[in-house]
Number of protein chains: 2
Amino acid sequence: MNIHDVAKKSGLSVVTVSRVINNSPSVREANRQKVLKAMEELNYQPNSAAQSLVRGRTGVIGMSITNFNDSFYDRVIRVVNRKLAEQGYFLALSIAENEGEGDNFLFQKDRVDGIILLSPIEEEQYVAELKRKRIPFVLLDNQFSHDDVSSVLVDNYQGGYDATKHLIELGHTRIAYIGGPSVFLSVAERRRGYIQALADAGLSSFAIEYSGFTVSSGYEIARKWIRDDTLPTAIFAGDDFIALGVVQALREEGIMVPHDISVVGFDDQQFVAEFFPRLTTVRQPEAQLGSIGVDLLLKHINGEMAEPTVTKLAPQLLVRESTAYVKRT
Amino acid sequence: MNIHDVAKKSGLSVVTVSRVINNSPSVREANRQKVLKAMEELNYQPNSAAQSLVRGRTGVIGMSITNFNDSFYDRVIRVVNRKLAEQGYFLALSIAENEGEGDNFLFQKDRVDGIILLSPIEEEQYVAELKRKRIPFVLLDNQFSHDDVSSVLVDNYQGGYDATKHLIELGHTRIAYIGGPSVFLSVAERRRGYIQALADAGLSSFAIEYSGFTVSSGYEIARKWIRDDTLPTAIFAGDDFIALGVVQALREEGIMVPHDISVVGFDDQQFVAEFFPRLTTVRQPEAQLGSIGVDLLLKHINGEMAEPTVTKLAPQLLVRESTAYVKRT
DNA sequence: TTGAAAGCGCTAACAA
DNA sequence: TTGTTAGCGCTTTCAA
């Protein structure tokens, strides 16, 4: 079942059939109809391997993800998928487990026209591999800076600054930061924003802790503070899950958020948004992230890109119900 | 940069190069080394479009997913990915948004060798399309039964039965069920198991509610029960998120789980597992689901499958801390 | 507006 | 063990 069968059935040549497939204008309308009819009757679909081979492009963009249980990623994926579809591309996702190089089948020039790396784990290694293979790619939410690579990331410093400033404006002076694993650049950047906002207000850090990006680790840290009687009046958690754990621990002790203690999270996780009090958090602009990433990648692919670009996006503070003016003492 | 370049550089023919690429034994070791060296130096990778074209297969299996924010899916994806890799296949994921037919680029015979549909939304439509295109496929966690289609699903009836029986064995007689959206077969099946377990014990249903698969809807339902003073002593929630919402609502009123009320969930969501009390839940056997699904699909692809098979997997009740003996009154 | 011919990069007979 | 030849299914000159 190939283009020749269609040609035979429609009484025209394969070239004409190909023209119809590719919407070439130079086909007599009557003939176009004949071809369309034959294609329909034969239930014909062009072979995409053959098309890719001769065209030298696949129309597929690959995206490598590490985790399918996170609403930040979910949102980015959806935007990228939609945006690519608008441009006539398809999105193929692959999960990057901690394997060695080369296990990612997308990393072949002829399988995809380009690649998007979302929050890559083994970033350096991936970047090196893609450079060597000369596959166009962009980085989204990456950890390191590279020469000659376009990337889009969120200004985590700004996010940390805004979150902390918000707490300061509410009159808090005893403000603590709980970050995720300290290896992440984003964690360090948010911390830097936190410190700077404090400094700008003539304050200093009350406490800094690092934990996993999980509810339970936030819970544990809050419990420790309670045990040691070293609670701050406001907490900037570098992740919504951590923040939620903190709120839970406090509530168990009858400490009310935001009445007694204010808490700010990060990421606006869909799941966390369902809890009370609704968490004040910093939302990463997933739509922009995905959209700009796609634009950059397609420009690279089309050679419209002279220099690689690094775009830093401003996050958005969403003030909800978990923050309030500091309690008068 | 193609096989001819490698042939030229190594002083051998393209056929020999091809043999090296495909690990054919009939190549003199010295020549194999020459070819390998040339490939290395030229940084050569075979063109997969050309390979697919001539071989008539791609080595890629497609998987269609609806949601990337759920640990059940995450676990299934990981197992499938690993299992396929063992068999020399690659996994390409695509997100199914509620689009019309044909928008899913994976649904082309020459793009993939087979397809796995995980919890498909527009199931009937997808099945019809894949049948028409004669693409081998299997269904995982599907809603409907089809002729001539292999599928693997979890015995939701059994899960509902086991969960309810567990509560009965703890002495509960006033047991309520909260299901997800009633359109889902899984929701109806769990309900059926719940009803049957009650019947087998000479009991009848205390209350049945339907909600979304969300924390907030579980929360709302529990609040309603509290307001109306119609609380059961045990609740079987057809979803961990719902169960978590219930627990939160109860706790806010000082009603302790499991001391006052027992709660069972479903799915063993990773995120929910971090809360206290650790939820008694029904775990779907993701590893089996993925593994058997892959086996079935590969058999279909290799024509080793006479008849389509429907496999029903037993879920596993995980008794943790949210269930206890009914309070003496 | 149409079609004949060449070729994309590879593998699978078949011969040597 | 190696190489020659003929395609896989499609698109793209080029000429008519």
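Every chain is numbered from 1, with letters handed out A, B, ... down the list of sequences.
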* Asked: Judged by modelled atom types alone, do Glu129(B) and Gln125(B) share a side-chain donor-acceptor pair under 3.5 Å?
  ->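 Per modelled atom types, Glu129(B) and Gln125(B) side chains form no pair under 3.5 Å.
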_Less than 3.5 Å apart, any donor N or O on the side chain of Ser151(B) or His146(B) sitting next to an acceptor on the other?_
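Their side chains do not contain a donor-acceptor pair, so the 3.5 Å distance test is not met.
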>> Before we go on, tell me: are the rings of Phe137(B) and Tyr126(B) under 6.0 Å apart, centre to centre?
In response: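 No.
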Output field: ring centroids Phe68(B)/Tyr73(A) closer than 6.0 Å
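No: the rings miss the under 6.0 Å criterion.
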Whole angstroms only, please: what is the [atom1]-[atom2] distance between [X] and [N]?
X: Arg57(B); N: dA12(C); atom1: CZ; atom2: P; value: 11 Å
X: Leu53(A); N: dT11(C); atom1: CG; atom2: P; value: 12 Å
X: Lys8(B); N: dC10(C); atom1: NZ; atom2: P; value: 13 Å
X: Lys34(A); N: dT1(C); atom1: NZ; atom2: C1'; value: 13 Å
X: Asn22(B); N: dG9(C); atom1: CG; atom2: P; value: 17 Å
X: Leu12(A); N: dG3(C); atom1: CG; atom2: C1'; value: 10 Å
X: His4(A); N: dC10(D); atom1: NE2; atom2: P; value: 8 Å
X: Gln45(B); N: dC10(C); atom1: CD; atom2: P; value: 11 Å

Open item on the list: Between Lys83(B) and Glu86(B), does the salt bridge (charged side-chain N to carboxylate O under 4.0 Å, His left out) criterion hold? Intermediate values first, please.
Closed with: CA-CA 5 Å; Lys83(B) 181 101 185 190; Glu86(B) 282 169 15; 5.3 Å; no
[X] side chain: which of [options] is closest?
X: Val54(A); options: dT1(C), dG7(D), dC8(C); result: dC8(C)
X: Gln51(A); options: dA4(C), dA13(C), dC10(D); result: dC10(D)
X: Ile21(A); options: dT11(D), dT1(D), dC14(C); result: dT11(D)
X: Arg28(A); options: dG9(D), dT1(C), dC10(C); result: dT1(C)
X: Ser26(B); options: dA5(C), dT1(D), dG9(C); result: dT1(D)
X: Tyr44(B); options: dG9(D), dA5(C), dC10(C); result: dC10(C)
X: Arg55(A); options: dT1(C), dG7(D), dT11(D); result: dT11(D)
X: Ser18(B); options: dG9(C), dT11(C), dC14(D); result: dT11(C)
X: Asn2(A); options: dC10(D), dC8(D), dC14(D); result: dC10(D)

- Task: Pick base, sugar-phosphate or nothing for Asp110(A), based on heavy-atom distances below 4.0 Å to the nucleic acid.
- Result: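 The residue Asp110(A) makes no contact with any strand.
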- Message: Within the 4.0 Å heavy-atom criterion, would you say Thr16(A) contacts the bases, only the backbone, or no part of the nucleic acid?
- Response: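 Answer is sugar-phosphate: Thr16(A) comes under 4.0 Å of backbone atoms only.
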Exercise for review: Please check the phosphate of dC8(D) (OP1 and OP2 only) for any side-chain N or O of Asn47(A) closer than 4.0 Å.
Suggested key: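 The answer is no; no side-chain N or O of Asn47(A) sits under 4.0 Å from OP1 or OP2.
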_side chain to side chain contact (heavy atoms under 4.5 Å, CB included) between Met305(A) and Ser150(A), intermediate numbers included_ = CA-CA 10 Å; Met305(A) 200 76 173; Ser150(A) 282; 3.8 Å; yes
request  = Could you check Val15(A) against Pro25(B) and say which one's nearest nucleotide on DNA chain D is further toward the 5' end?
outcome  =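 It is Pro25(B), whose closest nucleotide lies nearer the 5' terminus.
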